[in-house]
2 protein chains.
Amino acid sequence: MNAGPATGRPSTKERIVTAGAELFRRQGYTGTGLKQIVAEAEAPFGSVYHFFPGGKEQLGAEVVRTSGAAYGRLFTAAMETAPDPVTGVRDFFTGAAHTLVETGYADACPIATLALEVASTNEPLRQATAEVFTGWIALGTAAFAKAGAGEREARELTIALLSALEGAFVLARALRSTEPLEVAGESVAARASALLAAP
Amino acid sequence: MNAGPATGRPSTKERIVTAGAELFRRQGYTGTGLKQIVAEAEAPFGSVYHFFPGGKEQLGAEVVRTSGAAYGRLFTAAMETAPDPVTGVRDFFTGAAHTLVETGYADACPIATLALEVASTNEPLRQATAEVFTGWIALGTAAFAKAGAGEREARELTIALLSALEGAFVLARALRSTEPLEVAGESVAARASALLAAP
DNA sequence: CTATCGCTAGAGCGATCTATCAAGAACGAT
DNA sequence: ATCGTTCTTGATAGATCGCTCTAGCGATAG
């Protein structure tokens with residue numbers, strides 16, 4: 001049970017999940033074939049069905065959960081590093097803009113494309129994306145509440161933040177511009193500032 | 001050249017575009033086959049390549065432009081009907097929430113799913129989505145400028161609105177809840193109120 | 001009536017998709 | 001050394017993909 005070698009390349013399963021995550025986020029779920037994933041992961045085709053007996057759908061669910069958790073940690077790190085929540089929000093949006101530019105407008109939200117694709121067509125995967133979003137909302141609510149916001153304000157601020165971020169990603173990737181991320185980030189920062197000032 | 005009969009069913013080309021628009025918005029571009037489109041449109045398969053010699057990509061581009069223009073008119077109508085811009089914003093978001101619930105969380109933004117799918121994989125279609133978004137930004141900027149905002153404020157408010165709307169659609173469809181639309185709408189309304197008050 | 005042309009109609013092509021399967025390699029336990 | 005388990009490996013099945021092609025229908029003009 002080679003879970004994770006301390007040295008050398010990651011395990012086959014890890015390589016498959018990583019490659020799947022990258023391709024799903026860039027090309028979507030239906031737009032990515034298993035053949036392409038195993039080619040990118042340098043893994044044998046059969047290994048997919050060894051590690052994921054449920055096939056593409058099970059791989060998709062695992063990718064959603066894994067990348068969702070990783071992105072949640074990214075948000076938490078930005079909020080904990082910043083001196084105050086408003087700065088944390090700004091940092092998170094500018095960081096997202098940097099990543100977007102560095103990857104040629106490919107890497108935005110790790111699950112948004114898949115989420116829209118499966119929302120009305122694949123109930124198990126829709127639930128996986130819903131669980132990730134719910135987790136992110138809990139994460140943000142806790143962070144803003146810790147900063148002094150009421151429970152209700154913290155939750156609404158988080159949902160507004162996630163909405164602005166996801167939508168800005170859509171516009172930014174289509175327009176190949178970081179302007180939406182900058183404007184949306186500033187808008188959320190302003191709202192956070194207003195909500196945190198008036199308890 | 002049967003462009004549009006005054007009575008009876010729409011032309012074959014119109015039925016193909018309508019069916020394509022509905023399926024692309026719900027299942028995405030790569031997730032929808034031409035066979036499924038012609039079945040839904042009750043059109044012969046060959047007609048697709050008669051009206052769209054460029055194949056699926058050309059059909060996709062026409063769908064994007066057509067539904068983009070229609071959705072832009074929906075926004076303009078909401079803004080012109082409302083007594084003031086802030087109310088217009090609220091109406092637009094609540095209207096979107098109603099549509100979403102009525103269609104079982106299927107009909108949100110007509111081009112968002114496709115836009116994310118093709119952003120890094122299909123340059124012609126990416127450009128089509130970019131043109132639609134650019135048009136929407138121009139539409140909103142004009143509306144807010146007419147209401148008294150400066151050119152810069154009007155543009156940023158529009159981009160913030162579109163970001164919040166698109167992102168709220170992502171969350172709402174995945175979570176099967178209208179809460180993101182309500183919260184995001186209120187957030188944008190608050191920002192619009194602030195920006196329009198202080199010129 | 002005949003010729004023309006826009007459109008209908010679907011069989012079929014090569015490619016690609018997900019998924020299955022059987023056999024072999026690697027490795028630890030006894 | 002032998003067994004058992006885990007993982008690797010790719011050939012292949014069966015369905016579906018986008019797309020091409022030819023044949024025929026129906027309305028209109030000469």
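Note that the structure is predicted; figures quoted are calculated from it, not measured. Each chain gets a letter, A, B and so on, in the order the sequences are listed, and its residues count up from 1. All heavy atoms count here, side chains included; hydrogens, waters and symmetry mates do not.
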Tell me the interatomic distance from [X], atom [atom1], to [N], atom [atom2], rounded to whole angstroms.
X: B:L34; N: C:dC13; atom1: CG; atom2: P; answer: 19 Å
X: B:R15; N: C:dC7; atom1: CZ; atom2: C1'; answer: 12 Å
X: B:I16; N: C:dC7; atom1: CD1; atom2: P; answer: 11 Å
X: A:Q27; N: C:dC17; atom1: CD; atom2: P; answer: 10 Å
X: A:Q58; N: C:dT18; atom1: CD; atom2: C1'; answer: 14 Å
X: A:F52; N: C:dA19; atom1: CZ; atom2: P; answer: 13 Å
X: B:L59; N: D:dC19; atom1: CG; atom2: P; answer: 10 Å
X: B:F51; N: C:dC5; atom1: CZ; atom2: P; answer: 17 Å

Problem - Cation over ring face, B:K56 and B:Y49, 6.0 Å, 45° - result: no
Exercise for the section: Would you please classify the geometry between the B:W136 ring and the B:F133 ring as parallel, tilted or perpendicular, with 30° and 60° separating the classes? Expected result: perpendicular
Fill in the blank from the handout: Between B:L175 and the options A:I159, A:I137, A:T129, the side chain to side chain contact (heavy atoms under 4.5 Å, CB included) test singles out A:I137
Practice task
Output yes when at least one side-chain N/O atom of A:Y49 is less than 4.0 Å from OP1 or OP2 of C:dT20, else no.
Solution key: no
Practice task
Ignoring backbone atoms, establish whether A:T12 has a side-chain N or O less than 4.0 Å from OP1 or OP2 of D:dC7.
Solution key: no
Exercise for the section: Would you give a per-nucleotide map of nucleotides 9-14 of chain D, 5' to 3', where B means the base has a protein non-hydrogen atom under 4.0 Å away, S means only the sugar-phosphate does, and - means neither? Expected result: BBB---
Handout entry: Name of the residue among A:T113, A:D107, A:T32, A:T103 meeting side-chain hydrogen bond (donor to acceptor under 3.5 Å, both in side chains) with A:R26
Key = A:D107
Practice task
Could you tell me which residues satisfy ring-ring contact (aromatic ring centres under 6.0 Å, His included) with A:F24, sequence neighbours excluded, listed by chain and number?
Solution key: A:Y29
Practice task
Report which part of the nucleic acid A:T30 touches: base, sugar-phosphate, or nothing (heavy-atom distance under 4.0 Å, all strands).
Solution key: nothing
Handout entry: Pair A:E117-A:T30, side-chain donor/acceptor within less than 3.5 Å
Key = yes
Handout entry: Test salt bridge (charged side-chain N to carboxylate O under 4.0 Å, His left out) applied to B:E151 - qualifying residues, sequence neighbours left out
Key = none
